[in-house]
Amino acid sequence: MIPNHAVDEIMDILSTRMSITSDEIAEILKKYDVSGDMDALQDSYRKRLGQRLIAGIRDEKGQRELLAVGNEYIIIDCCNDQKKLSAIQHKLKSSMDSLDESAQKVQGRQAFLRRFSSKRKGHKA
């Protein structure tokens, strides 16, 4: 749980600078004594390392060979379980939709900046 004071400080930085680094967030959380159970942190670290290992297993075209259903990694080419394949497909579709929405947001901002920039150049002449 993140203390309200830490959240406020993070939000203050975001509202002032419009950005914050992960190092700054870590320092703020450290300042407010936010910490986790050492065993849980080690388990989390090990799971992250394992996930990176699994994500790196690719076929000759560079596509992932294994994908996750919950906490289980499945070799896609060997899976005959329709429920698991459907769950993986749903998760991938959801991720793609979310990424598409984020990409559209970035593209909208870039288009605005291009329009703004071209209008400023037109006024200088």
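The basis for the numbers below is simple: all heavy atoms, side chains too, and nothing from hydrogens, waters or symmetry mates. Along the sequence shown, residues carry numbers from 1.
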Apart from M38 itself, its cluster of hydrophobic side chains linked below 4.5 Å comprises L41

Item checked: Check: S95 main-chain N/O paired with S98 side-chain donor or acceptor under 3.5 Å -> no

The reported gap from CD in Q42 to NZ in K47 (rounded to nearest 0.5 angstrom) is 12.5 Å

So CD of Q51 and CD1 of I54: to nearest 0.5 Å the spacing works out to 8.5 Å

D77 meets the salt bridge (Lys or Arg N to Asp or Glu O under 4.0 Å) criterion, sequence neighbours left out, with none

Sub-4.5 Å side-chain heavy-atom contact between I88 and I76 = yes

Rounded to the nearest 0.5 angstrom, the CD-CG distance for Q107 and D100 is 9.0 Å

Sorted by chain and residue number, the side chain to side chain contact (heavy atoms under 4.5 Å, CB included) partners of Q89 (sequence neighbours excluded) come out as none

Would you find a donor on one side and an acceptor on the other, under 3.5 Å apart, between the side chain of S86 and the backbone of Q82? yes

Grouping ILVMFWY residues whenever side-chain heavy atoms fall under 4.5 Å, the cluster of M11 otherwise contains I2, V7, I10, I13, L14, I20, I25, I28, L29, Y32, V34

Apart from L49 itself, members of its ILVMFWY cluster (side-chain separation under 4.5 Å) are Y45

d(K31 NZ, H5 NE2) to nearest 0.5 Å is 11.0 Å

Between the CZ atom in R64 and the CG atom in D59, the distance rounded to the nearest 0.5 Å is 12.0 Å

Tightest non-hydrogen contact, residues K84 and I74, listed as CD-CD1, 3.9 Å

With side chains defined as the heavy atoms from C-beta onward, is the minimum distance between L92 and L67 less than 4.5 Å? yes

Those residues at least two apart in sequence (or on a different chain) that pass salt bridge (Lys or Arg N to Asp or Glu O under 4.0 Å) with R17 are E24

Rounded to the nearest 0.5 Å, the SG atom of C79 sits from the CG atom of L66 at a distance of 11.0 Å

From CA spacing to verdict: salt bridge (charged side-chain N to carboxylate O under 4.0 Å, His left out), K93, D97: CA-CA 6 Å; K93 172 94 171 78; D97 290 346; 3.0 Å; yes

D12 and S15 have their tightest heavy-atom pair at O-OG, 3.0 Å

